[in-house]
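Each ligand, and each atom within it, is numbered from 1 in the order the structure gives.
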Amino acid sequence: MYEFDNTAIARELELMSDLLEIAGADRFRFLSYRKAAGMIRAWPEQLSKMAEEDRLTEIPGVGVKLAGSICELLHHGTFSELEALKAEFPAGLVDLMRVPNVGPKRARQFFDKLGITSLDALSEAIESGEIARVGGMGDKTIANIRRGLETHLGHLDRMLLMDALPLAERIVEELLKHDAVIDAVPAGSLRRMQETIGDIDIITVSEDSSAVMEAVRLLPATERVLASGDTKTSVLTASGLQVDVRVVKPDQAGAALQYFTGSKEHNVHVREIAKKHGMKVNEYGVFRIGEEGAEGERVGGATEEEVYSVLGFAQLPPPEIRHDAGEIEAALAGDLPRLLELSDIRGDFHLHTTSTDAHSTLEQNRAMAAALGYEYLVVTDHAENLHMVRGMTVTRLNEQWAEVDALNVDRGEAPYILKGIELNIGRDGTVDYDPEVLASFDFCIASLHSGWGDDGAKATTRLLEAMGNPYVDIIGHPSGRIIGKREPIALDIEAVLERAAETGTMMELNAYPDRLDLKDTHLRSAKRHGVRIAIGTDAHRAEHMRYMRYGVATARRGWITADDCLNAQPLETVRSWFKRSKLSS
Ligand code: DGT
Ligand code: CA
Ligand code: CA
Ligand code: ZN
């Protein structure tokens, strides 16, 4: 029996989709696999359980045939259609097509004309100039492919936080069921909620390490055991992620957790502080340094609080900010702010509906908002000028507003819906619609949806112009990056943030897990500039609204507090943060 979690299933379906695209299958066919994969990634219940109960077709986008393939995958580790395609095309072709700026058509050309089937071969063909033998590519295209390859290689061995976190949580849950396990906690980059994860680190606490090591080898998620010793076992999971599980004794638990949470930079600085106090910290505890440097009396290590407090810290630095970027000085002095928490979130500021390119209705979004305990939500469909997704015309906006009004009247306990829109920032920095239409929204987001090939200066100018618009309240996904797939625009971020402060424009923290845009370091700059942050999941399905946790994690990494965050405000305050509240009517 193979343990495929939802992420692992989604990855196989994406592979299927990519192979179909390379094979030249029709668009509808390969997109259906990709859409199903997206749905399954965000699905709250494990598909393996649903398959046992014959309920897979309850998932939107999963028909009888696909349900059959998923069952085959769960039982045999693959499915026949996928195997047939794998036999036809070398797996390396999929690697090629996933390189930004390559895509399926070019990957196929590189294969057909130059016999390229690996990233290494692609790199060689670029460096030798041989790549130019494939017609129709100018120097600029080739330079773009070279950059794309660099981006891709940088992310090859890493996974998005969204793919690692649910897996780690299931493993922790599984381990906690074991009698010998007193506690199990994720550490490493995962505990720091870094946007991508190299491997999962888990610290377990037990008096019986061999029993725990065996439990790890037998975990349902374990596909292959890489190494297993007395205190550490490393396994590989079906989704290709490595998991390192360590066992420590209860009195070492805090020291081990502190050590393996990192970051390395943070730990190096913590050790310097220990030295100044005549102490030494390692993964076993905190010790006073004795005569001639000998390890002396143990002064702590059972809990993380103890480790930091015996070293003179007034506060425990939250894992998300452990980067030696000022958190140590602040925690020593007791000056750390209380960072934003998921429970502070009262609503979501970026949501699409079936009126444009999303799959859930306004009512479904509202039901999810209610389930998440929100006080309000928004509708921010795409604006008119984005024709490819049937952006909202004024006529359709009027229909949508009527629907919003109807839902808001007699809403009882249900969350309140704010009327918003995601405007498109044009080449000259102007946005969709006439000012009277813009004035009719409760608020507007404005995003760049074109000009990805432009230089940073041009994009910066467009943003500066858009922020001057009295109806533009929030800049959506400001850098435009897609982690591992599209590089961020080279914005002059300082200039953007200065202008945002000047004009009272907020910056979005897009919480969609492959965007996380603005990113942590830019959020911290925004805070320094006094620019407020609006978190939006950019949900294209109601289930995506659960991605808020990745937004909050990223906000915390950027030192954002409830006072800096639009989503943490009651509705009245929310309205007062929109520019139009200051316009004289
Ligand atoms: P990753 O896995 O690449 O996403 O990043 P991390 O931070 O999880 O790195 P990893 O898995 O190599 O190690 C986990 C933590 O253990 C790391 O954040 C700090 C600690 N650590 C590991 N190796 C060393 C080391 O050689 N020196 C120090 N000071 N700490 C280490
Ligand atoms: Ca790690
Ligand atoms: Ca590790
Ligand atoms: Zn959007």
When the aromatic ring centroids of His266 and His323 are compared, is their separation below 6.0 Å?
no
Between Glu127 and Arg146, is there a side-chain N and carboxylate O pair less than 4.0 Å apart?
yes
Could you check ligand 1 for N or O atoms lying under 3.5 Å from protein N or O atoms and list the pairs with distances?
{"from": "ligand 1", "atom 1": "2 (O)", "to": "Asp199", "atom 2": "N", "distance (Å)": "3.2"}
{"from": "ligand 1", "atom 1": "2 (O)", "to": "Asp199", "atom 2": "OD1", "distance (Å)": "3.1"}
{"from": "ligand 1", "atom 1": "3 (O)", "to": "Arg158", "atom 2": "NH1", "distance (Å)": "3.1"}
{"from": "ligand 1", "atom 1": "4 (O)", "to": "Arg158", "atom 2": "NH2", "distance (Å)": "2.8"}
{"from": "ligand 1", "atom 1": "4 (O)", "to": "Ser189", "atom 2": "OG", "distance (Å)": "2.5"}
{"from": "ligand 1", "atom 1": "4 (O)", "to": "Gly198", "atom 2": "N", "distance (Å)": "2.8"}
{"from": "ligand 1", "atom 1": "7 (O)", "to": "Arg192", "atom 2": "NH1", "distance (Å)": "3.0"}
{"from": "ligand 1", "atom 1": "7 (O)", "to": "Arg192", "atom 2": "NH2", "distance (Å)": "3.2"}
{"from": "ligand 1", "atom 1": "8 (O)", "to": "Ser189", "atom 2": "N", "distance (Å)": "2.8"}
{"from": "ligand 1", "atom 1": "8 (O)", "to": "Ser189", "atom 2": "OG", "distance (Å)": "3.4"}
{"from": "ligand 1", "atom 1": "8 (O)", "to": "Asp201", "atom 2": "OD2", "distance (Å)": "3.2"}
{"from": "ligand 1", "atom 1": "11 (O)", "to": "Asp199", "atom 2": "OD1", "distance (Å)": "2.9"}
{"from": "ligand 1", "atom 1": "11 (O)", "to": "Asp201", "atom 2": "OD2", "distance (Å)": "2.9"}
{"from": "ligand 1", "atom 1": "18 (O)", "to": "Arg192", "atom 2": "NH1", "distance (Å)": "3.2"}
{"from": "ligand 1", "atom 1": "29 (N)", "to": "Arg271", "atom 2": "NH2", "distance (Å)": "2.5"}

Would a 4.5 Å heavy-atom cut-off, applied to side chains only, mark Glu297 and Phe287 as touching?
no
Mind telling me whether Phe79 and Tyr33 have parallel, tilted or perpendicular rings, with 30° and 60° as the class edges?
parallel
Apply the test side-chain hydrogen bond (donor to acceptor under 3.5 Å, both in side chains) to residues Asp520 and Thr554: give CA-CA distance (whole Å), side-chain angles for both, the deciding distance (0.1 Å), then the verdict.
CA-CA 6 Å; Asp520 46 14; Thr554 304; over 6 Å; no
Any Lys/Arg nitrogen of Glu543 or Arg41 sitting under 4.0 Å from an Asp/Glu carboxylate oxygen of the other?
no
Do Thr261 and Arg191 have a side chain donor and acceptor closer than 3.5 Å?
yes
Assess the side chains of Asp492 and Thr460: does a donor N or O sit below 3.5 Å from an acceptor N or O?
no
Tally of protein N, O or S atoms, where distance to the Ca ion (ligand 3) is under 3.0 Å
4
Look at the side chain of Asn510 and the backbone N and O of Arg515, then say whether any donor-acceptor pair between them is shorter than 3.5 Å.
no
